[in-house]
2 protein chains.
Amino acid sequence: MEEQDIIRALGALAHDIRLRVFRALVVAGPEGMTPGRLGEALTVAPTTLSFHLKELCNAGLLLQARSGRNLIYRADYARMGALMAYLTENCCAGDACAVTPPSCTNC
Amino acid sequence: MEEQDIIRALGALAHDIRLRVFRALVVAGPEGMTPGRLGEALTVAPTTLSFHLKELCNAGLLLQARSGRNLIYRADYARMGALMAYLTENCCAGDACAVTPPSCTNC
DNA sequence: TCCATAATTCAATTATTGTTGAAATGTATT
DNA sequence: AATACATTTCAACAATAATTGAATTATGGA
């Protein structure tokens with residue numbers, strides 16, 4: 001992941017609506033969610049939501065697919081993982097930022 | 001760390017100069033760096049650099065101290081760690097985003 | 001005290017982002 | 001084909017962030 005992509009991804013997540021959208025999609029899992037359901041769950045107007053979904057897509061954090069007349073948005077876990085990896089490698093030092101994932105608690 | 005703090009931290013890092021500044025300070029370690037050295041190393045004008053250092057401070061990612069007529073900026077590793085923890089817990093799912101830190105490679 | 005250095009603050013300007021409602025697109029149903 | 005629904009695109013506007021040079025604050029040394 002290029003530095004420019006990192007900046008775009010960070011910028012995309014640095015907004016309350018977008019962070020909430022992304023979290024909701026992470027929770028939703030592989031099934032994803034439609035803009036309709038998202039807007040209902042988060043109380044965001046369709047136009048506003050569409051704008052932010054596009055931002056997240058452009059940043060590469062979401063994947064879009066069509067199902068009938070609905071669009072389905074999904075979190076791109078691989079992209080998020082790449083972002084985490086970048087931050088861990090470049091913006092952390094020593095143990096200070098060492099985040100211990102659940103699977104490693106016994107290390 | 002409150003959601004609002006997360007957004008500010010992400011927003012602070014979502015800028016090329018600020019990301020480079022933060023990385024340089026992470027690399028510099030506990031000794032930190034002065035704006036003078038940073039500006040030299042990164043080729044950023046004093047006023048511009050000062051603006052971005054302030055942004056990073058406001059976001060809680062940097063610590064500031066004075067030493068004679070120099071100011072010394074340091075990365076706040078704990079804050080960065082808290083940011084990483086938040087993202088790991090809230091924006092990742094399953095193994096897809098599981099970042100394996102160096103110390104855990106044998107797990 | 002006076003000067004030089006390090007860095008910040010201020011104010012004006014420009015550029016980028018975010019919001020909103022109206023209009024348009026695409027798809028399913030009858 | 002006609003209608004309804006889900007969603008996006010467009011265009012105008014409002015708000016926020018970034019850049020720049022000049023002026024200011026703070027410290028140390030002659």
Side-chain angles (χ1 to χ4, degrees), chain A residues 3-25 28 31-76, chain B residues 3-25 28 31-76:
Chain A
E3 179 173 307
Q4 211 48 41
D5 297 321
I6 298 295
I7 289 169
R8 290 180 104 194
L10 290 171
L13 292 175
H15 184 281
D16 64 333
I17 291 179
R18 290 194 298 259
L19 187 58
R20 271 155 50 209
V21 165
F22 189 75
R23 286 208 294 168
L25 291 176
E31 280 190 29
M33 277 176 102
T34 63
R37 291 229 302 112
L38 275 168
E40 217 172 87
L42 307 176
T43 328
V44 178
T47 301
T48 302
L49 181 57
S50 189
F51 170 80
H52 291 299
L53 284 169
K54 193 175 165 189
E55 291 289 297
L56 285 163
C57 276
N58 289 341
L61 289 166
L62 297 189
L63 299 169
Q64 190 196 52
R66 183 173 280 277
S67 164
R69 56 185 158 192
N70 296 302
L71 285 176
I72 297 179
Y73 286 94
R74 299 184 174 85
D76 187 335
Chain B
E3 180 173 308
Q4 210 50 40
D5 298 322
I6 298 294
I7 289 168
R8 291 180 104 193
L10 290 171
L13 292 174
H15 185 281
D16 64 334
I17 292 179
R18 291 193 298 259
L19 187 59
R20 269 154 51 209
V21 165
F22 188 75
R23 286 207 294 168
L25 292 176
E31 282 189 29
M33 277 175 102
T34 63
R37 295 228 346 319
L38 274 169
E40 218 172 85
L42 306 177
T43 328
V44 178
T47 302
T48 303
L49 181 57
S50 191
F51 171 80
H52 291 300
L53 284 168
K54 193 174 165 190
E55 290 289 297
L56 286 162
C57 276
N58 288 341
L61 288 166
L62 297 188
L63 298 170
Q64 191 197 49
R66 183 173 280 275
S67 165
R69 56 185 156 193
N70 295 303
L71 287 176
I72 297 179
Y73 286 94
R74 298 184 175 85
D76 187 335

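Residue numbers begin at 1 in each chain, while the letters A, B, ... track the order of the sequences. All values below were derived from every heavy atom in this structure, side-chain atoms included, with hydrogens, water molecules and symmetry-related copies excluded.
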Exercise. Is A/Thr48 near enough to C/dT20 that one of its side-chain N or O atoms lies under 4.0 angstrom from OP1 or OP2?
Worked result: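 Yes, A/Thr48 has a side-chain N/O under 4.0 Å of OP1/OP2 on C/dT20.
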For this session: May I ask you to evaluate whether B/Thr47 reaches the phosphate of C/dT9, defined as a side-chain N or O under 4.0 Å from OP1 or OP2?
Result: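 Checking C/dT9 against B/Thr47, no side-chain N or O comes under 4.0 Å of OP1 or OP2.
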For this session: Find out whether B/Leu25 and B/Met33 are in side-chain contact, i.e. whether some heavy atom of one side chain is under 4.5 Å from a heavy atom of the other.
Result: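 Yes; the side chains approach each other to less than 4.5 Å.
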Problem set entry | Side chains of A/Lys54 and A/Asn58 in contact at under 4.5 Å (non-hydrogen atoms) |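 Contact flag for A/Lys54/A/Asn58 side chains = yes.
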For this session: Would you mind checking if B/Glu3 and A/Arg23 are paired as a salt bridge, meaning a charged N to carboxylate O distance below 4.0 Å?
Result: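 Salt bridge present between A/Arg23 and B/Glu3.
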Separation of [N] [atom2] from [X] [atom1] (nearest whole Å):
X       : N      : atom1 : atom2 : value
A/Leu13 : C/dG18 : CG    : P     : 12 Å
B/Leu49 : D/dA18 : CG    : P     : 14 Å
A/Leu53 : C/dG18 : CG    : P     : 13 Å
B/Phe51 : C/dT8  : CZ    : P     : 13 Å
A/Glu55 : C/dT16 : CD    : C1'   : 11 Å
B/Leu10 : C/dT17 : CG    : C1'   : 17 Å
A/Arg18 : C/dT17 : CZ    : C1'   : 8 Å
B/Asp16 : D/dA17 : CG    : P     : 17 Å

Taking the minimum atom-to-atom distance to the side chain of [X], which one of [options] wins?
X       : options                : value
A/Arg66 : D/dA22, D/dT27, C/dT27 : C/dT27
B/Gln64 : C/dG18, D/dT8, C/dT8   : C/dT8
B/His52 : D/dA18, C/dT8, C/dA7   : D/dA18
B/His15 : D/dT19, C/dT19, C/dT8  : D/dT19

For this session: Indicate yes or no for a side-chain donor-acceptor contact from A/Arg20 to the backbone of A/Leu42 under 3.5 Å, with no hydrogens or angles considered.
Result: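 Flag set: sc A/Arg20 to bb A/Leu42 pair under 3.5 Å.
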Problem set entry | Straight-line distance of B/Leu63 CG to B/Asp76 CG, nearest 0.5 Å |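 Here the interatomic distance stands at 4.0 Å.
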Exercise. About how many Å separate OG1 of A/Thr34 and CG of A/Leu38, when rounded to the nearest 0.5 Å?
Worked result: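 Going from the CG atom of A/Leu38 to the OG1 atom of A/Thr34 covers 6.5 Å.
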For this session: Identify which one of B/Leu13, B/Ile17, B/Leu53 satisfies the side-chain contact (heavy atoms from CB on, under 4.5 Å) criterion when paired with B/Phe22.
Result: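 The option that passes is B/Leu13.
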Exercise. Across the strands shown, which category fits A/Arg37 at heavy-atom distances under 4.0 angstrom: base, sugar-phosphate, nothing?
Worked result: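 Nothing, no heavy atom under 4.0 Å.
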For this session: Under 4.0 Å between any heavy atoms, over every strand shown, what does B/Pro35 touch: base, sugar-phosphate, or nothing? Just pick one.
Result: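 Sugar-phosphate, backbone atoms only, no base.
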Problem set entry | Close approaches to DNA chain D from residues 67-75 of chain A, in residue order (heavy atom, under 4.0 Å) |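 Hits under 4.0 Å, by residue number: A/Arg69, A/Asn70, A/Leu71, A/Tyr73.
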